[in-house]
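Let me begin by presenting the structure, written as structure tokens, before commenting on it.
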Amino acid sequence: MQNTAGTGPDAPIDVTPLLDDPYAAYAALREAGPVHRIAGADGQPAWLVTRYDDVRRALADPRLSLDKRHATPGGYRGFSLPPALDANLLNMDPPDHTRVRRLVVKAFTPGRVNALREPVRRVADELLDAMAERGRADLIADYAGPLPITVICDLLGIPQDDRRDFLSWSDALITPDPSRPGQMKEAIGSMLEFYTGLIAAKRAQPGDDLLSDLIAVRDDAGADEGADEGGDRLSEDELTSLAFLILLAGYENTVHLIGNAVLTLLDHPEQLRQLQRNPAELPAAVEEFLRYDGPAPLAIRRFPKEDLEIGGVRIPAGESVLLSIASANRDPGRFPEPDTMDPGRDLSGHLAMGHGIHYCLGAPLARMETVTALDALLARFPELRLDVPRGALRHRRALRARGLISLPVAW
């Protein structure tokens with residue numbers, strides 16, 4: 001992978017190959033060295049960590065902060081979110097992270113997730129019923145997208161009529177259209193207005209849902225006095241940001257995981273037939289789908305609180321560090337023949353859902369939804385096939401999300 005971003009030896013590497021052919025590009029980077037200077041998504045230089053052992057250690061290193069206040073002044077731009085959407089777990093270190101995570105983790109316990117299995121299957125079957133007579137569908141728009149949106153909106157208690165605009169807002173944040181420079185700002189403004197109104201409505205008329213529970217925690221704890229380390233309290237911004245994060249992350253990761261998993265199976269017909277014969281093997285297969293082509297190629301950016309070394313490379317305090325989950329999960333030093341899809345391999349320690357205190361909060365729900373979605377799909381359409389040439393498929397051009405724009409299928 002050539003250094004095409006500049007002429008000097010320290011010029012950041014161009015990220016275009018990571019968008020066009022990411023796994024080949026990551027393989028070249030791993031071979032060349034453990035850490036590389038790249039041009040990040042915000043146009044600023046960042047350090048990209050590519051090898052499994054280094055990524056795993058860094059994910060759990062407390063010296064690497066998620067708090068943007070540790071970034072070098074003027075060196076990181078990223079999303080420009082208002083405080084009411086930015087005070088979320090993706091920007092927090094302990095003790096704030098510990099306090100806020102404790103409040104929401106109860107929604108994703110194994111018992112709560114298992115209780116959702118039957119409702120998720122019911123939604124999946126309804127979506128498949130609507131597709132069945134047509135004989136073909138876009139699996140992203142008609143199935144992989146609507147399923148997690150329905151589940152997470154039900155969990156939060158979002159009324160049906162308020163769900164229509166969410167997909168366009170999330171797309172504007174994940175993959176903004178370069179021809180519409182104001183699109184992201186408009187989406188952020190619309191989201192803030194939506195969440196502010198939703199919280200006000202839930203305060204006036206609470207329901208049996210997670211958001212009503214979080215509002216009760218905020219209000220009953222007297223959070224206007226501010227959060228402290230010893231109590232379970234939320235500020236108003238933290239409450240709004242939690243709702244924003246749960247809905248966005250609950251949709252984005254799961255829709256991409258389901259879509260990538262189906263395409264992987266269509267690319268591996270023997271594995272597809274094996275799972276149709278033995279659906280009990282789906283949970284193990286989903287772990288391999290996560291490793292092989294997961295929805296989140298990069299962990300959330302981090303900022304060293306002090307000068308440190310990763311893979312023998314010195315990284316100054318405050319500079320952006322990107323940990324490549326996609327590269328680590330294809331590292332042959334950890335997973336032999338990593339470019340082969342093999343659900344029977346030892347998958348312990350894959351990093352698709354993170355590692356350490358920032359391990360994905362919604363991982364149990366995403367796994368359950370994906371297993372259920374695949375089980376229903378493979379049972380309903382045993383002759384499922386791709387409905388366009390393989391080369392016609394396109395992925396979203398984003399460093400932080402790995403997902404298909406569409407997946408036309410027929411049966």
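Starting from 1, each residue takes its place in the sequence as its number. Side chains are part of it too, since the values below use all heavy atoms of this structure and drop only hydrogens, waters and symmetry mates.
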>> Are there over 12 heavy-atom neighbours, none belonging to E126, within less than 6.0 Å of that residue's CD?
In response: yes
>> Within a 6.0 Å radius of atom CG on D208, are there more than 12 heavy atoms belonging to other residues, nucleotides or ligands?
In response: no
> When you check the side-chain N and O atoms of R301 and N91, is any donor under 3.5 Å from an acceptor?
Replying inline: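 Looking only at side-chain atoms, N91 and R301 do form a donor-acceptor pair, the distance falling under 3.5 Å.
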> Cut-off 3.5 Å, side chains only: do D237 and S235 have a donor facing an acceptor?
Replying inline: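 Result is no, nothing qualifies.
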How long is the straight-line distance from [atom2] of [Y] back to [atom1] of [X], given to the nearest 0.5 Å?
{"X": "H268", "Y": "M341", "atom1": "NE2", "atom2": "CE", "answer": "5.0 Å"}
{"X": "E288", "Y": "E281", "atom1": "CD", "atom2": "CD", "answer": "13.0 Å"}
{"X": "R218", "Y": "T240", "atom1": "CZ", "atom2": "OG1", "answer": "8.5 Å"}
{"X": "I38", "Y": "L18", "atom1": "CD1", "atom2": "CG", "answer": "6.5 Å"}
{"X": "H256", "Y": "T370", "atom1": "NE2", "atom2": "OG1", "answer": "12.5 Å"}
{"X": "R385", "Y": "L266", "atom1": "CZ", "atom2": "CG", "answer": "11.0 Å"}

Examine distances only and state if a side-chain atom of [X] and a backbone atom of [Y] form a donor-acceptor pair shorter than 3.5 Å.
{"X": "Y52", "Y": "G349", "answer": "yes"}
{"X": "N88", "Y": "L85", "answer": "yes"}
{"X": "R291", "Y": "N329", "answer": "yes"}
{"X": "D54", "Y": "I310", "answer": "no"}
{"X": "R345", "Y": "E337", "answer": "yes"}
{"X": "D387", "Y": "P408", "answer": "no"}
{"X": "N260", "Y": "R402", "answer": "yes"}
{"X": "Y26", "Y": "D21", "answer": "no"}
{"X": "E287", "Y": "L347", "answer": "no"}
{"X": "R302", "Y": "I300", "answer": "yes"}

Nearest atoms (heavy-atom pairs only) where [X] meets [Y]:
{"X": "V15", "Y": "A39", "answer": "CG1-O, 2.9 Å"}
{"X": "L351", "Y": "A328", "answer": "CD1-CB, 3.9 Å"}
{"X": "A285", "Y": "P343", "answer": "CA-CB, 3.9 Å"}
{"X": "A299", "Y": "L59", "answer": "CB-CD2, 3.8 Å"}
{"X": "S327", "Y": "T50", "answer": "OG-O, 2.7 Å"}
{"X": "S406", "Y": "D138", "answer": "CB-OD2, 3.3 Å"}

Hey, does [Y] have a side-chain heavy atom less than 4.5 Å from the side chain of [X]?
{"X": "P295", "Y": "E252", "answer": "no"}
{"X": "W47", "Y": "H36", "answer": "no"}
{"X": "D142", "Y": "L127", "answer": "no"}
{"X": "D293", "Y": "L263", "answer": "no"}
{"X": "M368", "Y": "N114", "answer": "no"}
{"X": "Y292", "Y": "R330", "answer": "yes"}
{"X": "I325", "Y": "H350", "answer": "no"}
{"X": "L322", "Y": "V49", "answer": "no"}

>> Please determine whether side-chain contact (heavy atoms from CB on, under 4.5 Å) holds for the pair F244 and D86, giving the CA-CA distance in whole Å, both sets of side-chain angles, and the decisive distance to 0.1 Å.
In response: CA-CA 9 Å; F244 166 72; D86 208 32; over 6 Å; no
> Given R37 and E319, is the salt bridge (charged side-chain N to carboxylate O under 4.0 Å, His left out) satisfied, shown in steps?
Replying inline: CA-CA 11 Å; R37 191 78 157 153; E319 299 203 354; 2.9 Å; yes
Are [X] and [Y] within salt-bridge range, i.e. N to O under 4.0 Å?
{"X": "D375", "Y": "R121", "answer": "yes"}
{"X": "R203", "Y": "E236", "answer": "yes"}
{"X": "D53", "Y": "R51", "answer": "no"}
{"X": "D331", "Y": "R334", "answer": "no"}
{"X": "R99", "Y": "E238", "answer": "yes"}
{"X": "R163", "Y": "D154", "answer": "yes"}

With a 3.5 Å cut-off and sequence neighbours excluded, list the donor-acceptor pairs that the side chains of residues 358-366 form with protein atoms.
from: H358; atom 1: ND1; to: H97; atom 2: NE2; distance (Å): 3.1
from: Y359; atom 1: OH; to: R367; atom 2: NH1; distance (Å): 3.0
from: Y359; atom 1: OH; to: R367; atom 2: NH2; distance (Å): 3.3

>> Please evaluate residues L247 and W169 with respect to the criterion side-chain contact (heavy atoms from CB on, under 4.5 Å), reporting the C-alpha separation (whole Å), side-chain torsions for both, the decisive distance (0.1 Å), and the verdict.
In response: CA-CA 11 Å; L247 187 54; W169 295 338; over 6 Å; no
> For D209, what residues pass the side-chain contact (heavy atoms from CB on, under 4.5 Å) criterion, not counting sequence neighbours?
Replying inline: K202, L211, S212
> Passes side-chain contact (heavy atoms from CB on, under 4.5 Å), I357 versus D93? Steps please.
Replying inline: CA-CA 9 Å; I357 65 170; D93 299 329; over 6 Å; no
>> Applying the side-chain contact (heavy atoms from CB on, under 4.5 Å) criterion to L89, which one of L66, L242, D96 satisfies it?
In response: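 It is L242; the other options fail the test.
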>> Checking side-chain contact (heavy atoms from CB on, under 4.5 Å) between L19 and each of R397, R396, H395, which is the one that passes?
In response: R397
>> With salt bridge (charged side-chain N to carboxylate O under 4.0 Å, His left out) as the criterion, how do D67 and K305 come out once you've worked through the C-alpha distance, each side chain's angles and the decisive distance to 0.1 Å?
In response: CA-CA 10 Å; D67 190 332; K305 292 188 270 188; over 6 Å; no
>> Assess the residue pair F303 and V321 against the criterion (side-chain contact (heavy atoms from CB on, under 4.5 Å)); give the C-alpha distance rounded to whole Å, side-chain angles, the decisive distance to 0.1 Å, and a yes or no.
In response: CA-CA 6 Å; F303 308 102; V321 176; over 6 Å; no
